[in-house]
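Below: the structure, in structure tokens.
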2 protein chains.
Amino acid sequence: MQDSVQKISFKAQQLKFREDAILDAVNHLLARKGFDLMTMDEVAAEVGIAKASLYKHFASKEALASASMARLIDRAIAVVHEMPGTLSPLDKLKGLVRWAVTSHLANTMPLLPSTRSSIQQTLTNYPPYMEKVGRLIEALGLWIEQAQANGSLSASLPGEVILYTIFARSCDPVADFLKLGGAFSDHEIVEILVKTCFDGMTRDKSAS
Amino acid sequence: MQDSVQKISFKAQQLKFREDAILDAVNHLLARKGFDLMTMDEVAAEVGIAKASLYKHFASKEALASASMARLIDRAIAVVHEMPGTLSPLDKLKGLVRWAVTSHLANTMPLLPSTRSSIQQTLTNYPPYMEKVGRLIEALGLWIEQAQANGSLSASLPGEVILYTIFARSCDPVADFLKLGGAFSDHEIVEILVKTCFDGMTRDKSAS
DNA sequence: GTCTATAAAATGATAGAC
DNA sequence: GTCTATCATTTTATAGAC
């Protein structure tokens with residue numbers, strides 16, 4: 001009996017391992033090409049299995065992308081929870097933007113906020129994804145309120161504007177352009193985007 | 001002889017009119033769906049002609065999109081040239097962002113700055129487009145230098161960062177999100193994006 | 001130049017053997 | 001569950017009549 005239980009557990013582990021490998025490939029392709037240009041042939045090739053095998057794990061291309069996106073939101077939530085509690089609310093928000101832009105530059109950030117992708121509607125109709133997004137928004141909304149209360153973020157700006165502006169940094173083409181230009185390191189690009197996102201471009205950086 | 005000349009001129013005019021109608025449809029579809037999701041069938045349907053007729057005017061889908069994008073840059077250059085000379089350099093730059101975001105909200109702004117679109121490489125290899133982009137960048141670079149010189153834009157920020165940041169507003173998903181939310185008018189959305197782009201989110205708007 | 005019809009290729013998804 | 005082979009559909013592009 002114990003053998004049987006261990007065997008099942010081992011098989012389940014193997015399954016999860018394989019599905020994680022598939023989602024890794026999907027995440028990478030979503031980051032580089034987006035949903036519409038990603039093909040199932042490419043996914044299969046990057047994982048190193050036959051295309052038909054993909055469909056034994058995920059019912060469709062949409063299901064594949066949805067699972068990958070849900071995992072991404074889980075990771076964002078993990079980043080939020082692991083943010084040092086000693087930081088100010090503003091610095092926590094900046095830390096999230098740093099993570100998002102860094103992931104973007106490393107080709108591990110799917111370009112989610114594009115309302116133009118055909119996957120967007122599928123995602124909004126996928127409860128597991130929306131539930132996770134809701135939890136993420138809740139945590140960030142708290143930080144935003146706190147930052148507005150202590151005067152480090154403009155109190156006259158609607159909270160949703162701040163939220164969307166932060167989200168949008170994860171797909172900001174400015175990072176790609178600066179990387180293409182080659183004049184800046186990835187770290188410099190990240191700091192530039194954080195600075196322009198929060199401080200704008202009209203005043204010079206004050207000593208931190 | 002005069003009849004013949006007029007006839008040719010008239011035919012040429014008709015041709016241009018038809019091709020402008022085609023480019024209008026392409027521009028609209030590029031703005032709503034992007035290059036990869038736009039199909040030649042849709043273009044033909046929106047213009048109201050047969051798909052094969054499209055290929056009598058433009059050699060390929062890429063040629064169609066390139067011509068549309070070249071026309072867009074021409075319009076941007078026109079906006080730049082029509083900007084009132086009495087405005088400060090900073091206000092001229094803000095005026096361009098206003099035009100870009102307004103066009104975006106009106107579905108007349110193709111999402112050009114995405115390095116993820118498959119049309120990007122075609123465009124960079126299309127000299128007429130690149131030449132126009134170069135002229136646009138030149139004019140904006142001058143305004144940026146002037147704004148930095150008079151202290152209205154941060155002098156410590158590399159000019160190309162400012163340039164790309166301004167360009168990127170034309171495809172900013174924040175505008176789409178705010179429109180989807182329904183809490184703001186188009187004009188309010190435009191002003192929000194202009195403000196966060198230039199002033200950031202860390203200080204309240206000062207009286208203008 | 002416009003049309004209908006069709007070729008040629010890409011791609012999401014499935015059948016069926018093992 | 002993995003594979004090979006194949007289907008069904010979409011989509012870019014062209015042929016050929018008028």
Side-chain angles (χ1 to χ4, degrees), chain A residues 7-26 29-30 32-69 116-123 125-126, chain B residues 7-26 29-30 32-69 116-123 125-126:
Chain A
K7 210 170 188 176
I8 288 169
S9 172
F10 178 72
K11 276 179 78 170
Q13 244 186 334
Q14 288 285 83
L15 185 77
K16 172 147 178 47
F17 192 77
R18 166 57 49 92
E19 296 195 343
D20 260 355
I22 294 173
L23 292 183
D24 284 343
V26 170
L29 286 166
L30 285 179
R32 280 195 344 211
K33 324 183 64 176
F35 177 76
D36 300 304
L37 262 65
M38 177 186 85
T39 71
M40 296 299 270
D41 289 271
E42 285 173 318
V43 176
E46 184 151 331
V47 179
I49 63 176
K51 179 166 59 168
S53 302
L54 286 180
Y55 286 90
K56 300 288 180 178
H57 294 275
F58 298 93
S60 66
K61 187 183 176 185
E62 278 78 14
L64 208 50
S66 300
S68 174
M69 293 305 296
R116 260 66 176 196
S117 174
S118 62
I119 190 64
Q120 203 59 33
Q121 200 181 356
T122 303
L123 283 176
N125 292 332
Y126 181 58
Chain B
K7 209 168 188 177
I8 290 169
S9 172
F10 177 73
K11 277 179 75 171
Q13 245 186 333
Q14 288 285 83
L15 184 78
K16 174 150 177 42
F17 191 78
R18 165 57 50 92
E19 296 196 340
D20 260 353
I22 294 174
L23 292 183
D24 284 342
V26 170
L29 286 166
L30 285 179
R32 280 197 343 214
K33 322 184 62 174
F35 177 76
D36 299 304
L37 262 65
M38 176 186 85
T39 72
M40 296 299 269
D41 289 272
E42 286 173 317
V43 176
E46 183 152 334
V47 179
I49 63 175
K51 181 167 58 169
S53 301
L54 285 181
Y55 286 91
K56 299 289 181 177
H57 293 276
F58 298 93
S60 66
K61 186 183 175 184
E62 277 77 14
L64 207 50
S66 300
S68 173
M69 293 304 298
R116 261 63 177 200
S117 174
S118 63
I119 191 62
Q120 204 57 35
Q121 200 180 357
T122 303
L123 282 176
N125 292 332
Y126 181 58

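Chain letters run A, B, ... following the sequence lines, proteins first and then strands; every chain starts at 1.
Rounding to whole angstrom units, CD of residue A/Glu42 and C1' of C/dA13 are separated by 17 Å. Per the geometry, CG belonging to A/Asp36 stands 13 Å off C1' belonging to C/dT11, to the nearest Å. Atoms OH (A/Tyr55) and P (C/dG16) sit 18 Å apart, rounded to a whole Å. Rounded to whole Å, atom P of D/dT14 lies 10 Å from atom CE of B/Met40. Taking atom CG of residue A/Leu37 and atom C1' of nucleotide D/dT12, one finds them 15 Å apart after rounding to whole Å. Here C/dG1 presents its C1' atom at 10 Å from CG of B/Leu15, a figure rounded to the nearest Å. Following rounding to the nearest Å, B/Met38 (CE) and D/dT11 (P) show an atom-to-atom distance of 12 Å. D/dG1 atom C1' lies 17 Å from atom CZ of A/Phe17, rounded to whole Å.
Take A/Lys33 and apply the salt bridge (Lys or Arg N to Asp or Glu O under 4.0 Å) test, not counting sequence neighbours, and it matches A/Glu42.
Taking 4.5 Å as the limit, every side-chain heavy atom of B/Lys61 sits out of range of all side-chain heavy atoms of B/Val43. Annotation: side chain of A/Tyr126 is not in contact with side chain of A/Glu62 (no heavy-atom distance under 4.5 Å).
Atom-to-atom distance recorded for B/Met38:CE and B/Ser68:OG is 8.0 Å, nearest 0.5 angstrom.
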Handout entry: Verdict with reasoning, A/Leu64 to A/Met40, per side chain to side chain contact (heavy atoms under 4.5 Å, CB included)
Key = CA-CA 10 Å; A/Leu64 208 50; A/Met40 296 299 270; 3.8 Å; yes
Distance-only criterion, 3.5 Å: show the donor-acceptor pairs between side-chain atoms of residues 14-23 of chain B and protein atoms not counting sequence neighbours.
| residue | atom | partner | partner atom | Å |
| --- | --- | --- | --- | --- |
| B/Lys16 | NZ | B/Asp20 | OD2 | 3.3 |
| B/Glu19 | OE2 | B/His57 | ND1 | 3.0 |
| B/Asp20 | OD1 | B/Arg71 | NH1 | 3.4 |

Report all interatomic pairs (protein N or O, nucleotide N or O of nucleotides 2-6 of chain C) with separations under 3.5 Å.
| residue | atom | partner | partner atom | Å |
| --- | --- | --- | --- | --- |
| C/dT2 | OP1 | B/Arg18 | NH1 | 2.7 |
| C/dT2 | OP2 | B/His57 | NE2 | 2.9 |
| C/dC3 | OP2 | B/Ala50 | N | 2.4 |
| C/dC3 | OP2 | B/Ser53 | OG | 3.0 |

